[in-house]
Structures are given as structure tokens and as C-alpha cells.
Amino acid sequence: MYRGRFGEKRASSASSVNSSSRLAGPATVKLLVGPENQEFIVPRKMLASCSYFRQRIDTARIEFEKGQSHLVMTMEDQCPDMFELFAYWMNERRNFDRYIDAAEANNSCTELHWDLVNLHLFAAQVDLPALQDCAMDAIQDVYLRCNWDIKPKLINHVYKSCDPQESCRLRKWIVAMTAWTLGGVVTKEMSKAITRLFDQCPDFWAEYHTHTRKMAQTGLEGHFKNPQLRLPSNNLRNEERQFGFRQCSFHTHRSTVGQGKCPHASSFSPLVPSPYTDGYFESDSDRADSRFGSRMVSPCSDTIPESDLETS
């Protein structure tokens, strides 16, 4: 992992922007994360765009260091590696490609996978749907690059330890991945592990049954339809629907976007400038050349829908 260096770099480069915002008090927030109080510096303006942090900024203490003032917040119960991804996204508003590339190079994709899962859940807890979508895209990309089947440990964690509402989108993807995994060639050990989880987690079994029933009704086959594969559109031809999922199938705005364009390319709120999307227009050639489909983050602020499981 990059140990917060991107957050610090972005904080310094954004100082001129924050100085013009005329916010009373320090322009940056120092977040002390984990039991060892690892430091992350995030511009106050960026952090205040999230209501969860905005409510806590008012009560944060002020600390002076080397002639500069910071607001200081402590988050001892969070994992620093996960929080590094959060700080990077808050500062840069970019996808996590560079982290996936680094993890692939140093054989740490499993660790990154868990950090992304925890980031997705944390984003749900603090009500950042755009970050949920970005983390979900990255999880799909890690599985695709590594050619992984669904991990029983992930199923166990999500269905036994996570809030159903916060993990709603992740559950939908897990169920689709399970159908795809079981539809292929699996080891007896994997088959037994998933069967045990069906017995131990009634919700998992019920959602899997609903998913496979809907797949059968629409004429789609789970062993062909790969949930790792995020196609760069929500309006798919019949043959495309056989092999991959819509761009927004596992996004927080899935129930409202329909077959329309994913709001990834929309501008963020003026309070949260986005260097990644400002002035960017995705061309057909960009979509065709992308190995993993579009991975731009979504600025949507929809609440997590209680919709049926995604099959298309």
C-alpha cells in the first residue's frame, strides 16, 4: 500500500484552492487512524462534502504544527490500509487502478481485495454512494485480473457479520458470482464450502434461489454470465447480456438509471471539484479499448435500493 502519500501530496497541492474558500479555521484535517494513529491529511473542504465528517469537524480539536494549523480527528476503529484508499479517493476522485496495478506487481491482491470490501462497507456507513460504486468496480476488476472464483470467506463475512442494507450491492454481486462459480468446474472442497454456507446463511440461500430463478426466466445461463465482466453500457444487445453484466448492475443507482447512461461522467458538486471528470467525455473508442469497461466513479447520491437481485 502507499501509506497515505497521495493524500499528503494532494492536500498540499489543494491548499491554494482551500485558501480561497474562506472557510473559518484550518484548511486541512489530520485524521489519526487505527490503534497506532497513522496520519492522513485531507483538505477540510473535501472532507466536509460528506455529512458524516461534516458533523464531526465542528467538534474536532485544533492542533498547531510547524506554524500550520490542522483540525484533528481520531478514528481508532478503522483500518489504516482501508483508510488510505478512502483518503486517496477523497483527495483525487479517481478509481483504484494504480492500487490494483501495484497489488498485482507485488502479489498482494488478496490484501487489497479485503481493503476494497471494507471500503465499500465504510462508504455505505458514511453515505458516500459514489465511493461505494468505485470500490465495487475495483472489486470486480481484482477478481477479473486474478481470475478468482467467489471466495467462501467473503460470503461468510458479508452474510454473517455485515448489515444487510450496507452490504446490499455487495450481496447482489456475491450471489451472481456464486451462480457463475457453481456453473463452471469447481472442486469438491469449493462445492462443499458453498453448500455449508447455504445451510448457515438462510438469506444467502434465498437470494441465490431468487437469482437463479430469474436467470432461468430470462433465458440466461449462470455459467456463461460472468459478474467480473462489467460491460461499458447499460443498454445491451441480447448477445452481450449472455456473457456480462450492465455497467451499473451493482451500483447504488441501478434501480434509477435503467438502460440510460451511467452518471459516472457527470460533474461533482461544486463543493467537491473532480479533476477526473471535469472536461472529460467518454468516446466510443475509449469504451472499446478499455479492458475492464468504464471505471470512472459515480457522483450519484441515490440511497441503496431494496430491489430484486440483478440478472441483467
Side-chain angles (χ1 to χ4, degrees), residues 1-18 21 23 25-57 60-63 65 68-103 108 111-139 141-142 268-269 271-277 295-299:
M1 300 292 286
Y2 291 92
R3 295 295 175 193
R5 69 183 66 173
F6 293 111
E8 295 174 6
K9 179 180 178 182
R10 180 62 181 171
S12 61
S13 65
S15 60
S16 61
V17 175
N18 287 318
S21 62
L23 290 173
T28 57
V29 179
K30 179 190 293 185
L31 296 127
L32 305 178
V33 181
E36 298 182 1
N37 288 339
Q38 184 171 326
E39 293 185 6
F40 295 91
I41 305 297
V42 180
R44 176 184 173 186
K45 186 178 181 181
M46 295 288 188
L47 204 61
S49 66
C50 172
S51 60
Y52 173 88
F53 287 99
R54 186 165 60 248
Q55 295 169 6
R56 287 157 178 77
I57 284 175
R61 73 177 189 271
I62 298 179
E63 180 180 281
E65 181 180 359
Q68 293 187 336
S69 61
H70 302 282
L71 291 170
V72 180
M73 298 173 58
T74 302
M75 306 187 73
E76 294 181 353
D77 58 339
Q78 298 298 332
C79 170
D81 284 344
M82 180 280 289
F83 207 84
E84 180 184 345
L85 298 175
F86 170 80
Y88 170 75
W89 187 85
M90 288 297 295
N91 281 301
E92 300 287 347
R93 288 303 200 272
R94 294 178 182 269
N95 60 40
F96 298 110
D97 284 5
R98 66 174 62 187
Y99 284 91
I100 299 174
D101 291 341
S108 61
E111 291 82 358
L112 177 61
H113 157 262
W114 285 109
D115 291 334
L116 288 167
V117 168
N118 291 328
L119 178 67
H120 176 85
L121 296 169
F122 178 70
Q125 293 164 8
V126 301
D127 193 23
L128 283 174
L131 179 54
Q132 278 184 267
D133 295 341
C134 190
M136 188 70 252
D137 287 354
I139 292 169
D141 292 346
V142 169
F268 283 87
S269 163
L271 290 176
V272 192
S274 171
Y276 190 56
T277 58
R295 280 174 279 170
M296 296 176 63
V297 294
S298 167

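Note that the coordinates shown come from a computational prediction; the quantities given were computed from them, not determined experimentally. Side-chain atoms are counted along with the backbone in the values below, which use heavy atoms only and exclude waters and symmetry mates.
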As an exercise, state the distance from [atom1] of [X] to [atom2] of [Y], rounded to the nearest 0.5 Å.
| X | Y | atom1 | atom2 | value |
| --- | --- | --- | --- | --- |
| N95 | D133 | CG | CG | 13.0 Å |
| K30 | I41 | NZ | CD1 | 5.5 Å |
| W114 | L119 | CH2 | CG | 14.0 Å |
| L131 | F122 | CG | CZ | 8.5 Å |

F40 vs F86, ring-ring contact (aromatic ring centres under 6.0 Å, His included): CA-CA, chis, key distance, verdict: CA-CA 10 Å; F40 295 91; F86 170 80; 9.2 Å; no

Considering non-hydrogen atoms only, spot the tightest contact between [X] and [Y] and give its length.
| X | Y | answer |
| --- | --- | --- |
| M90 | M46 | CE-O, 3.0 Å |
| L116 | L85 | CD2-CD1, 3.9 Å |
| C50 | V126 | SG-O, 3.3 Å |
| A60 | V72 | CB-O, 3.5 Å |
| Q132 | H120 | O-ND1, 3.1 Å |
| R94 | W89 | O-CD1, 3.3 Å |

Could you tell me whether E111 atom CD has more than 12 heavy atoms of other residues or ligands within 6.0 Å of it?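 Enclosed.
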
Side-chain donor or acceptor of R54 paired with backbone N/O of A48 under 3.5 Å: yes

I'd like to know if the side chain of H70 reaches the main chain of V29, judged simply by a donor and an acceptor atom lying under 3.5 Å from each other, with no hydrogens or angles considered.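 Here the side-chain-to-backbone pair does not exist.
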
Side-chain contact test, heavy atoms from C-beta onward, threshold under 4.5 Å: evaluate it for [X] versus [Y] and give yes or no.
| X | Y | result |
| --- | --- | --- |
| D81 | N118 | no |
| I62 | L71 | yes |
| E39 | L32 | yes |
| N37 | E76 | yes |
| Q78 | L31 | no |
| E84 | Y99 | yes |
| R56 | L47 | no |

By side-chain hydrogen bond (donor to acceptor under 3.5 Å, both in side chains), which residues pair with E36, not counting sequence neighbours? none

Check step by step if side-chain contact (heavy atoms from CB on, under 4.5 Å) holds for F83 and Q38. CA-CA 10 Å; F83 207 84; Q38 184 171 326; over 6 Å; no

Could you go step by step and tell me if T74 and R61 meet the side-chain contact (heavy atoms from CB on, under 4.5 Å) rule? CA-CA 10 Å; T74 302; R61 73 177 189 271; 4.1 Å; yes

Is the Y88 ring parallel, tilted or perpendicular to the F96 ring (thresholds 30°, 60°)? tilted

